[in-house]
Amino acid sequence: MGSGSTFWDGGGGGSRPSSPGPGLPISRSHSPAHLSSAPSVSPVGWTPKYGGGGSNGYAPGARKFLGRHLRKLSTSLPSYNRSPFSPHVGWTPTTPYYRFGGGFFYRIKALLFRRPRITSFFLLLLGLFLFVGLYAHHNPVSRWIRAASGGSKFVIILAANQGGGVMTWKGAKEWAVERDSIANKKAYADRWGYHLEIKDMSTKKRYAHEWRESWEKVDVIKQTMRQYPKAEWFWWLDLHTFIMEPSISLQDHIFNHIQNVTYRDINVYNPLNITHPPSKDEFFYIDEISKSSVGDDKPDSINIIVPQDCGGFNLGSFFVKRSEFSERLLDIWWDPVGYEQKHMEWEHKEQDSLEYLYTHQPWIRTGTAFIPQRMINSFPPGACSDTPEDPRIFYKEKDRDFVVNMAGCEWGRDCWGEMASYRAVSERLNRGWLKKHLW
Amino acid sequence: HDPRGPKPNEIVLLAASDGKGHNGGIDNILADVTPNRQEYADLHGYHYLFINITKYNIGNARPVWAKLPAIVEAFNLFPEAKWVWWLDLDAIIMTPTVELTAHILAQDVLREKMKKGVEMNKSGGGRSGIITSKNPDMGNIDIIVAQDQNGLNAGSFFIRRSEFSRILIDMWSEPLFIRENWNGQEQDALWHLVKEHPTVLEHLALVSQRQINAYPVNNVADMSWESGDLVVHIAGCWVKNECNDQWKKFMGRR
């Protein structure tokens with residue numbers, strides 16, 4: 001029985017013109033056998049997967065869909081030739097007509113897939129929509145996809161609230177700088193599906209002087225590694241940094257070809273003049289890998305990627321991998337004896353400590369790789385001011401350096417001014433296509 | 001790392017000195033020690049190695065620190081060696097029939113014998129708050145050591161060839177530790193590492209002294225050497241100047 005909802009219901013609708021079909025008694029049942037008994041309605045050369053119809057305009061679904069206009073449409077369509085080989089009575093299609101539940105899907109399919117031009121147009125439209133929606137445009141779906149396909153292995157650790165306003169007042173400019181920096185990292189992480197952890201680096205009582213003042217970096221990294229057990233690489237960024245080229249993903253920039261962009265032999269660029277490979281006099285008990293200037297030269301053994309500036313290692317922007325090596329390094333990095341003996345000397349705290357460990361404990365060299373400074377840590381002209389002509393240090397707009405680290409801007413320079421100007425440069429360089437070409 | 005423990009030729013007995021004899025005044029200590037150790041090694045198929053540490057240039061560090069390069073040299077000289085047993089010169093192997101793998105180095109035996117969930121003594125005596133693991137991962141154990149009332153005793157310990165122990169040697173021989181000039185020197189340095197760095201504690205097994213480092217005292221639980229125990233270490237005898245006597249006594253008792 002039907003309430004008129006089945007597409008067999010050709011003659012049911014009262015106000016509709018009567019069927020232009022062959023005047024068959026139209027069955028209200030779903031059984032296709034009845035339809036097949038009509039010899040004129042089994043076009044051949046065409047697998048009747050979706051049910052009968054077509055040869056003389058008898059398309060039951062189309063009728064309801066297009067109503068009055070069916071005749072005009074159907075007669076203008078190419079008709080299929082019947083052939084003497086078409087099956088007759090007793091023929092049953094292998095697939096029931098109402099495979100897709102009848103009305104709606106059938107009609108869509110009828111509209112789209114039986115008409116090649118509309119099909120291809122539709123597919124093109126779909127493709128364009130998917131491309132824009134998932135790739136070109138940045139939205140939660142595209143972020144989810146990027147995160148799922150590898151982005152979630154990266155965690156950006158942003159040090160914020162440096163000092164927390166405890167030792168010095170935090171004015172409007174400091175707040176503005178912080179806001180800009182956070183927004184910049186957030187946009188980057190959202191775009192590529194990375195995680196972002198903003199860590200509060202305010203001066204805490206337990207880090208008060210004589211008890212590891214400002215050495216929290218190592219603790220923070222350890223804690224973040226516990227927070228993201230599935231992530232592989234952790235990117236530490238100081239607050240006064242800006243990602244200038246957000247269209248470059250970390251995978252493309254570094255990790256897909258890590259051997260090419262990093263170097264193991266510090267002699268390539270050795271501002272600290274560290275003897276490398278470790279000398280036999282100082283360390284007669286070193287194994288083959290430690291003796292080699294490039295360690296074991298395998299990408300898998302790279303556990304920490306460190307840039308160097310004019311004065312040595314720079315930990316304003318560096319990468320640490322989750323591994324046993326880094327677990328041990330993070331453990332030994334802070335040592336009370338080291339701190340006690342050296343903290344007055346080690347102005348740059350964990351940075352100096354790492355330089356010290358690298359120099360004195362050969363095992364650390366086996367897991368450390370260096371990266372040219374301008375890959376992740378370009379300086380503004382104010383930093384490293386003793387060597388302004390050194391091409392390896394300073395941000396070059398022409399080369400579209402990836403990140404700027406306004407190191408030391410809080411000592412005598414203008415952090416807010418620098419941040420604003422670099423942000424403007426980044427925006428200008430990365431204007432959308434429209435903006436670039438139209439105004 | 002084979003859980004069944006090392007084969008005999010994978011164990012090295014190591015002793016070292018600067019050739020100047022014993023500080024506590026034991027006469028002719030080497031004349032006694034060498035056959036004592038060599039016979040033990042020959043009996044079981046271990047290697048015995050004696051190193052004269054004067055060949056190492058350790059700057060102005062105290063001679064005990066030369067223990068570390070000696071261990072590394074032992075590993076280098078015997079490439080198949082898996083375990084090195086460092087035993088101070090002032091120790092006598094009393095019961096040579098004890099076979100090291102079955103006694104302490106096989107993982108299941110060690111798991112039984114190691115002290116789990118026990119608080120370690122601070123260097124110099126007292127509680128430290130550092131508790132050994134209740135459920136250790138036996139595959140991780142790279143150093144086996146005993147403690148007396150003054151904390152870890154580095155006079156007798158086993159160290160395994162592994163990636164971690166390679167790093168441990170680097171960390172242990174940190175120049176800042178040498179500069180720190182602790183009373184216990186390298187022993188305190190090891191304790192410092194265990195105390196401050198959980199990754200080191202993870203790789204350490206604490207055993208009762210009677211297993212590897214018994215003392216010539218009477219009736220102190222876990223510490224006193226008793227008949228059947230592997231080794232007696234005449235430690236601290238210089239306090240009462242009884243080194244020579246105790247040495248002769250134990251040499252006679254073997």
Taking only distance into account, with no hydrogens and no angle test, what donor-acceptor pairs under 3.5 Å do side-chain atoms of residues 59-68 of chain B form with protein atoms, sequence neighbours excluded?
unit_1: B:W65; atom_1: NE1; unit_2: B:Q185; atom_2: OE1; d: 2.8
unit_1: B:K67; atom_1: NZ; unit_2: B:A154; atom_2: O; d: 2.8
unit_1: B:K67; atom_1: NZ; unit_2: B:E186; atom_2: OE2; d: 2.6

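Here the straight-line distance linking atom NE2 of A:H360 with atom CD of B:E174 works out to 7.0 Å at 0.5 Å rounding. Atom NE2 of B:H197 and atom CH2 of A:W334 lie 9.0 Å apart (nearest 0.5 Å). Residue A:D331 holds its CG atom at 9.0 Å from CD of B:E202, rounded to the nearest 0.5 Å.
For A:I364, no part lies under 4.5 angstrom from a heavy atom of chain B. If you measure heavy-atom distances from B:F75 to chain A, you find no contacts under 4.5 Å at all. For B:W182, the part sitting under 4.5 Å from any heavy atom of chain A is the side chain, from C-beta outward, and nothing else.
At least one side-chain heavy atom of B:L193 sits under 4.5 Å from a side-chain heavy atom of A:I332. Counting only heavy atoms from C-beta outward, the side chains of A:W363 and B:M171 approach each other to under 4.5 Å. Looking only at side-chain heavy atoms (C-beta outward), A:P336 and B:K195 stay at 4.5 Å or farther from each other.
Within 6.0 Å of the CD atom in B:E163, the count of heavy atoms belonging to other residues, nucleotides or ligands does not exceed 12. Heavy atoms from other residues, nucleotides or ligands lying under 6.0 Å from NZ of B:K7 number 12 at most. Residue A:N260 qualifies as enclosed at atom CG: its count of foreign heavy atoms under 6.0 Å is above 12. Within 6.0 Å of NZ in A:K298 there are 12 or fewer heavy atoms belonging to other residues, nucleotides or ligands.
At a heavy-atom cut-off of under 4.5 Å, chain B is reached by A:E327, A:R328 from residues 319-329 of chain A, listed in order of number.
Closest non-hydrogen pair, B:E180 versus A:V337, comes out as OE1-CG1, 3.5 Å. Smallest separation of non-hydrogen atoms from A:D335 and B:F177: OD2-CE2, 3.6 Å. Residues A:G338 and B:L176 approach most closely at CA-CD1, 3.6 Å, considering heavy atoms.
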